[in-house]
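Proteins come first, then strands; the chains are lettered A, B, ... in the order of their sequence lines, and each starts at number 1.
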Protein chains: 2
Amino acid sequence: MLDDLDRRLLEILVKDARTSLKELAAQVGLSSPSVSERLRRLEERGVIRAFTVEIDPLALGYTLQAIVRIRPLPGKLHIVQKLIEEIPEFGECDKVTGDDCFVARLFVRSIGDLDGILDRIADKAETSTAIIKAQPIRRRPPPLDATASRGAKILQAS
Amino acid sequence: MLDDLDRRLLEILVKDARTSLKELAAQVGLSSPSVSERLRRLEERGVIRAFTVEIDPLALGYTLQAIVRIRPLPGKLHIVQKLIEEIPEFGECDKVTGDDCFVARLFVRSIGDLDGILDRIADKAETSTAIIKAQPIRRRPPPLDATASRGAKILQAS
DNA sequence: GGCGCCGGTCGAGATCGTCAAGCATTTTAC
DNA sequence: GTAAAATGCTTGACGATCTCGACCGGCGCC
């Protein structure tokens, strides 16, 4: 589905999405129209979801981040989900298996804001919140090359 | 620190990091050299951490994502952190307050891989894993305008 | 008031992207 | 087995874009 050239292009773009076609072309050994066409198709196929910019939340005044686990009260699942989506300080939310239904990332400017936001969910869900103290790994894509971890095994008797 | 023009530039770039200077200039009502200069300074100041591309993990064969909470055994904190950092399938990791020391996102191609990777940590930490079933909110930046949620309150008797 | 800095514009030259045409290789169909 | 069609690439030319230097105006500060 993705050939080696595509992967190399992606690798370069992950580091700098504004790399010029010419530069990309030089690095992978193609002409720029070819690169242009490949990018177009990667976007078209949805492999590239977006070219975007990573902003330091601190620069916007968000001095605090938290991971919030959210367990909606019976019957409130959809309302809670909608509520979360509408609160822009939630910067990420996953619906997961297990007791916690949602795990979300929250950006806030102060502890007061944190409290204010959690209050808005409090009557519809139980939450448990963990403040982020450090970020050992900031968002990065999984390995692009097919050679991921050796873990590869099929479900079978071990 | 950031003026309105900067914020508007960021807003446009979040949606498409490859927007041309000319287009940016037109949208905010400046000349392109000015925009260029502003971007340069935003990068320099670290407001813009990177221009990057968002890749669909599925396109790379990662059919499964999980949130893993990790509690290193006594004395193993640093070893565990290093281990996590070295496993490229961890696409994000936060060090948090509370019983769980780390919360991480894991990209895998199969349940077998998931098991394989968790095994590598099993003797140094307790983990609890939640498989991601859906992503109500995919990574997005917090509000750029100063008018965040009304939550704003200072710590005080309520 | 005069000075210097900051952030802006303008215009020219250099760079880059896009388009059409054409070519080689592979696939498909008969 | 061969011919047609489809892919994916290159090249070169043209138009669009970026960058750089020169210059300008507002603002804070002696």
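- The footprint of chain A on DNA chain C, defined by a heavy-atom cutoff below 4.0 Å, extends from dC16(C) to dC19(C).
- Under 4.0 Å is where a charged nitrogen must lie from a carboxylate oxygen, and between Asp145(A) and Arg8(A) no such pair does.
- The distance from atom CG of Leu42(B) to atom CZ of Arg49(B), rounded to the nearest 0.5 Å, is 13.5 Å.
- Salt bridge Glu44(B)/Arg40(B): present, at least one basic N to carboxylate O contact under 4.0 Å.
- Residues from residues 31-40 of chain B placing a heavy atom under 4.0 Å of any atom in DNA chain D, listed by number, are Pro33(B), Ser36(B).
- Ion pair Glu86(A)/Lys82(A) flagged as a salt bridge, since at least one NZ, NE, NH1 or NH2 atom sits closer than 4.0 Å to an Asp/Glu carboxylate oxygen.
- With Thr52(A) contributing its side chain and Val14(B) its backbone, the two residues share a donor-acceptor pair below 3.5 Å.
- No more than 12 heavy atoms of other residues, nucleotides or ligands lie within 6.0 Å of NZ in Lys22(B), so this atom counts as exposed by the packing criterion.
- Residues Arg105(B) and Glu92(A) are paired through a salt bridge, judged by an N-O separation under 4.0 Å between the basic side chain and the carboxylate.
- A salt bridge links Arg69(B) with Asp100(A): the distance from a Lys NZ or Arg NE/NH1/NH2 to an Asp or Glu carboxylate oxygen falls below 4.0 Å.
- Scanning residues 17-26 of chain B for heavy-atom distances under 4.0 Å to DNA chain D yields Ser20(B), Leu21(B), Lys22(B).
- The side-chain heavy atoms of Leu24(B) and Leu13(B), taken from C-beta on, include a pair separated by under 4.5 Å.
- Both Leu5(A) and Ile55(B) belong to a common hydrophobic cluster when Ile, Leu, Val, Met, Phe, Trp and Tyr are linked at side-chain heavy-atom distances under 4.5 angstrom.
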